[in-house]
Amino acid sequence: MKSEQSAAEACCLENAPYDSSVRPPLLCDLQLSIFENAGRAIILTDPAGLITYFNRAAQQMLGYTPDEVVGRVTPLLFHLADEISACARSFTCDPDCEPPIGFGVFVARLKLQIRDEADWTYVRKDGSHLPVSLAVSVLRDAKGGVQGYLGIASDISERRRMEQDLRIAAIAFESQAAIMVTDVNQRILRVNQAFTKLTGYSAEEALGQTPGMLKSGRQDADFYAAMWRSLGQCGHWQGEIWNRRKNGEIFPEWLTISGVRDARGRVSHYVSTFSDISNLKVAESEIHHLAFYDPLTAMPNRRLLLNRLDQACVSSKRSGQFGALLIIDIDHFKTLNDTLGHDVGDHLLVEVAKRLVGCIREGDTAARQGGDEFVVMLEELGTDPSSASVQAEIVAEKIRVELARPYLLNGDTEYFRSASIGISLFFGQEKSIDILLKQADISLYKAKDAGRNAIRFFDNAMQTALDERAAMEAGLRRALVKDEFVLFVQPQVDAMRRLIGAEALLRWQPAGRAMVAPNDFIPLAEETGLIVPIGLWVLDQACAELRRWADNPSTKNLFLSVNVSARQFRQADFVAQVVDALARHGTNPKLLKLELTESLLLDNVEEVVAKMLALREFGVRFSLDDFGTGYASLSYLKRFPFEQLKIDRSFIRDICINPDDAAIVRAIIAMGNTLRLNVVAEGVEENSQHAYLVKHCCCLFQGYLFGRPMSFEDFQISLDSCPLPGLETADNWVI
Ligand code: C2E
Ligand code: MG
Ligand code: MG
């Protein structure tokens, strides 16, 4: 290529500048005029290849003025060097001969009698490339001598672009998706290979037919009418459609149809593209199944039930008919699961599911909520509430009887299980789904309370209880902010009736209402988690009171017991909470006692012990409250660092009249003393009880006999004025 270029440059330099104002040789006026007005680029050269003429179209095409090109050779100006060399190589037969350059290539072509146009690339003045179709002919004089050469070039960039587009379209047409082109009358004109693969029809079979050949019959006339409407309005439609293959198989496809318009804007063709979405449908339905059905029983799960319940309420509102929700729980399912294993438990659940489905009508729903709890939703039970109740009860009874039939779960052995059923009626959307489920749940608990294997309806009394509970929950949430909690205190004495300490007892005093006892709100606070902030408040108050006591000689040695709920104790930062409260008020930790209940000790033993030991390190002590009501044995208790246990007052109450209670109390005291635990008797109301307990070596007491729970102010007033009846203060009491 280097040699070609230097040759071209040499050629250019050797030639004197050409005067372009001079008429190009060989052209008469007429020819010049024709050439100047021609639409194609026309370039004339002399026999040596020097440009002698460069018409207007050539100027526009290549961006040169005649002055810039006339008298120069073409290759350096507007021929692509590598194109010349590639082409020239193919014409050079004589290896000693220099390959022709520029026009020389075409001269060579002429010599070989090749006269047709060739595609070529011109380089414009600005360096851009232009594809052209170039034809070169020899200009001869009368004697046949070569006078020069005439080159005519036309811009073929548009043709090239269209060719490119066609190539792309051809590749796109043979893509993975099936394509079908029809005329405006829906006659199939073309289909691709994917069409044949997908439908089973060859191109020959399809051409001339209409897309109706694929109809499955699954879409009705309205469907097609809507499709054509959309095509008419926006020239486009896409959606899911079921079609039929040649072998008769029906399959789902995703179809896109576009109208092709002609130059006048009229639809001339339709191009349909479609792909088989059977796999997608299968995956979709699997996902749907996983999300909405219980894998064990294949019943709708809670999520689907909630959806259906929502719809049922809407249609109940429209129809004015009642519906019913039945919650069914298998009695003692856990025992069966624990004793016979989960496989047998699963088998039972599957069997229960089958029986339930057998008890309901087609439009009703049976679902598995989770565990051994099932829900049946009955719809269209009529407009009269009492007859709706009767109908619901009939179905519930049928279910109860059906589920009580023996089950063959493990070979031939028959197992018997009963079920408890709670029912709540629903009407329109008057209650939220949450409330409906809660109501059914409450009635289920009533059925269980009634001894199981029973059916209970949700009634007004239950509703009132539910409302009260909701109101109490709302009140409790506000109580801390409104400062409605009060801490009371109840004295504890030793055998000599000397005051040794007290227990802090919480009260709730809602504005303008009677004081609420802890047994009425603590369980709800536990359930809702509100016990955590409430417990923190109690702890803080108790530490503050203990600090105040420290400044008064009559109270400085008293300890204060604080009740701690299981949920509060299980907080990860419980130890830190206690330590912080003590530090905040500068309270002596040795005077703080935390009362725990047995329920806390049943799981996560290590964690409980670790927390207790961490607090013991600080000096905080522990008392086991309500002992005797739980299941913990005294030997089990040795695992925990308790220093005190409180006998529940239910045993103390009848200690003088019930020999069984008396025996239990005596045993607890004896055992407690052996294990070096201080034993406190709670709920001592009478002197006779106190005397009996003292006689059997119980040394600590709490009860109305020594003082009722009272405010800290009253407690101080009592101590300051006259000691409480039968009460003396024990100085320097150290346990
Ligand atoms: P508890 O810890 O066993 O408290 C003793 C309960 O017995 C107190 O009931 C007290 O008033 C009552 N009592 C004491 N002596 C007698 C008596 O001679 N006769 C009768 N009939 N009752 C007596 P209260 O104050 O109603 O507290 C009930 C329960 O509420 C407490 O039982 C405790 O479990 C819980 N509780 C109280 N305050 C708190 C607290 O701040 N946090 C937590 N988590 N629970 C608390
Ligand atoms: Mg207590
Ligand atoms: Mg107690």
Side-chain angles (χ1 to χ4, degrees), residues 476 479-480 484-493 501-509 514-545 559-571 574 577-578 581 592-600 621-630 632 642 644-656 665 668 678-690 693 700-712 714-715 724-727:
L476 266 184
L480 264 181
E484 291 177 344
F485 289 114
V486 193
L487 206 54
F488 272 30
V489 65
Q490 186 181 28
Q492 276 183 18
V493 300
E503 178 177 7
L505 293 162
L506 183 62
R507 301 287 180 267
W508 175 23
Q509 178 60 81
M515 190 173 265
V516 188
N519 283 338
D520 293 335
F521 69 86
I522 295 247
L524 182 62
E526 284 253 8
E527 227 174 273
T528 53
L530 284 168
I531 193 67
V532 175
I534 294 174
L536 268 177
W537 180 88
V538 170
L539 204 58
D540 190 74
Q541 288 292 304
C543 289
E545 294 295 349
F559 67 81
L560 187 61
S561 295
V562 171
N563 293 285
V564 174
S565 90
R567 189 149 181 187
Q568 187 186 354
F569 188 88
R570 288 201 185 104
Q571 295 292 298
F574 177 72
Q577 287 173 5
V578 178
L592 179 68
K593 204 173 276 183
L594 300 181
E595 294 194 2
L596 308 180
T597 47
E598 285 170 63
S599 61
L600 180 67
R621 294 167 221 225
F622 289 92
S623 174
L624 181 61
D625 206 355
D626 306 337
F627 185 71
T629 52
F642 283 110
Q644 182 179 81
L645 66 85
K646 299 177 83 174
I647 310 175
D648 192 69
R649 71 182 150 86
S650 57
F651 299 104
I652 307 294
R653 194 180 53 223
D654 298 332
I655 196 171
C656 297
V665 171
I668 296 175
N678 292 309
V679 180
V680 184
E682 284 191 285
V684 181
E685 295 184 353
E686 290 160 19
N687 281 316
S688 55
Q689 292 167 336
H690 182 234
L693 289 160
L700 301 172
F701 307 89
Q702 185 179 338
Y704 292 172
L705 182 63
F706 316 103
R708 286 180 176 256
M710 62 190 97
S711 67
F712 276 85
D714 288 347
F715 185 74
L724 293 165
L727 195 75

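Each residue takes its place number in the sequence, starting with 1. This structure is a prediction, so every number in the text was calculated from the model and none was measured. Counting convention: from 1, in listed order, for ligands and their atoms alike.
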Checking side-chain polar atoms at under 3.5 Å, does Gln644 have a donor or acceptor matched by the opposite partner on Ser623? yes
Run Leu506 and Phe521 through side-chain contact (heavy atoms from CB on, under 4.5 Å) and show every step you take. CA-CA 10 Å; Leu506 183 62; Phe521 69 86; 3.8 Å; yes
Under a 3.5 Å distance rule, please check whether Gln689 uses its side chain to pair with a backbone N or O of Arg653 as donor and acceptor. yes
What I want to find out is whether Glu526 reaches Arg567 closely enough, with some N-O distance under 4.0 Å, to be called a salt bridge. no
Taking every heavy atom of Ser711 against every heavy atom of Val489, the minimum-distance pair comes out as O-CG1, 4.1 Å
Minimum heavy-atom distance between Phe651 and Phe627, given as atom pair plus value: CE1-O, 3.7 Å
In order of chain and number, which residues sit within 4.0 Å of ligand 1 by heavy atom? Gln490, Glu503, Leu505, Leu506, Arg507, Pro518, Asn519, Ile522, Val538, Asn563, Ser565, Glu595, Asp625, Asp626, Arg649, Glu682, Gly683, Val684, Glu685, Gly703, Tyr704, Pro709
Atom name of the N, O or S atom of Glu503 nearest to the Mg ion (ligand 2) is OE2
Rounding to 0.5 Å, atoms CD (Gln568) and CG (Asn563) come to a distance of 9.5 Å
Protein N/O/S atoms under 2.8 Å of the Mg ion (ligand 3)? Asp625 OD1, Asp626 OD1, Glu682 OE1, Glu682 OE2
Would you give the length of the straight line joining atom CD1 of Ile534 to atom CH2 of Trp508, rounded to the nearest 0.5 angstrom? 8.5 Å
Donor + acceptor pair across side chains of Gln577, Gln571 (<3.5 Å): no
Pair Glu503, Gln490: side-chain N/O donor-acceptor within cut-off below 3.5 Å: no
